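Take a look at the structure set out below.
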Amino acid sequence: MNEPTLYDPKIHLAQSKPTKELMHLSMREGWVFAILGIAPMPNERIRMSKWEIVPAHLDTSEIPARPLTRIQAIFAAGIRPKGFVLVHELPDQLPAGAADIIDGEYTVIKPYEITLDVGKVIDLGLKAVGAMAMATIAVAGVVLPAMFAMGSALLLDPILVAVTEDNVWIEIDRWYE
């Protein structure tokens, strides 16, 4: 059996006082916290491989009640992490945006020479109303579901992480959107 060395990072993480406090709280409450490693607290959003790491105060996603309850319990226990981050899993590939090009006819009208055919105006008005109705149906039936699917694909697996004063990252909770 190998004896752990002084440089074993697992030993360092386990003996960190802030880490011990969080892990003891986890055990008392029956929660499962995971030690993820050591890294500095980020000041801004960071994209790494398939992850987006966001300081909690910069994240706009909704945090469910369970992780918020855990944060409150951490503070109630007198534990003060350096901060919290949210880690979002990004999809393998983001869809490329496509610009719509609208083709049509146009007529250059000289100033002050405008004549209106009331019948054509009414006909064009009815066509415009029909086109708007079709556009509304298209948005409701195609565009909105695609936007929701893309939104849920962007944030597949949020993870709430506490960063201790000695830069140990501890997973507090995760949920699925």
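Model, not experiment: these values are computed from the prediction.
- The two atoms that bring E62 and W175 nearest to each other are O-NE1, 4.2 Å, heavy atoms only.
- Residues V163 and W51 share a hydrophobic cluster, clusters being chains of Ile/Leu/Val/Met/Phe/Trp/Tyr side chains in contact below 4.5 Å.
- The closest side-chain heavy-atom distance from D166 to P18 is below 4.5 Å.
- Panel note: side chain T164, backbone T19; no donor-acceptor pair is recorded below 3.5 Å.
- Under the side-chain contact (heavy atoms from CB on, under 4.5 Å) test applied with E89, the options E52, K50, R174 reduce to a single match, K50.
- Summarising the geometry of A39 relative to W169, their closest heavy-atom pair is O-NE1, 2.7 Å, with the distance given to 0.1 Å.
- Interatomic distance, CZ of R66 versus CH2 of W31, reported as 10.5 Å (0.5 Å rounding).
- Counting only distance, with no hydrogens or angles, the side chain of R80 and the backbone of F75 share a donor-acceptor pair below 3.5 Å.
- Under the 4.5 Å side-chain criterion, counting only non-hydrogen atoms from C-beta, V85 is not in contact with D59.
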Evaluate side chain to side chain contact (heavy atoms under 4.5 Å, CB included) for V161 paired with F84, printing each intermediate quantity in order. CA-CA 6 Å; V161 176; F84 292 92; over 6 Å; no
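- You'll find the side chain of P81 reaches within 4.5 Å of the side chain of I79, heavy atoms only.
- In this structure a side-chain-to-backbone donor-acceptor pair under 3.5 Å is present from T69 to A65.
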Please determine whether side chain to side chain contact (heavy atoms under 4.5 Å, CB included) holds for the pair I53 and R45, giving the CA-CA distance in whole Å, both sets of side-chain angles, and the decisive distance to 0.1 Å. CA-CA 6 Å; I53 301 166; R45 290 176 181 269; over 6 Å; no
Walk me through it: do L86 and I63 pass the test side chain to side chain contact (heavy atoms under 4.5 Å, CB included)? CA-CA 10 Å; L86 287 157; I63 299 177; 4.0 Å; yes
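- Two residues are said to be in side-chain contact when any heavy atoms from C-beta on lie closer than 4.5 Å; L36 and I170 fail this criterion.
- A continuous path of hydrophobic side-chain contacts links I46 to V87 [ILVMFWY only; heavy atoms under 4.5 Å].
- A162 and L22 make their closest contact through CB-CD1, 4.2 Å (heavy atoms, listed as atom of the first residue, atom of the second, distance).
- Using modelled atom types, one side-chain atom of R70 and one backbone atom of I172 make a donor-acceptor pair closer than 3.5 Å.
- V54 and L90 fall into different hydrophobic clusters, where Ile, Leu, Val, Met, Phe, Trp and Tyr are joined by side-chain heavy atoms under 4.5 Å apart, directly or via other members.
- Atoms NE2 and CD, from H24 and E29 in turn, are 14.0 Å apart once rounded to the nearest 0.5 Å.
- Summarising the geometry of F33 relative to M23, their closest heavy-atom pair is O-CE, 3.5 Å, with the distance given to 0.1 Å.
- For the residue pair L25 and A77, the shortest heavy atom distance occurs at CD1-CB, 4.3 Å.
- Under the 4.5 Å side-chain heavy-atom criterion for grouping Ile, Leu, Val, Met, Phe, Trp and Tyr, I74 is connected to L68 within one hydrophobic cluster.
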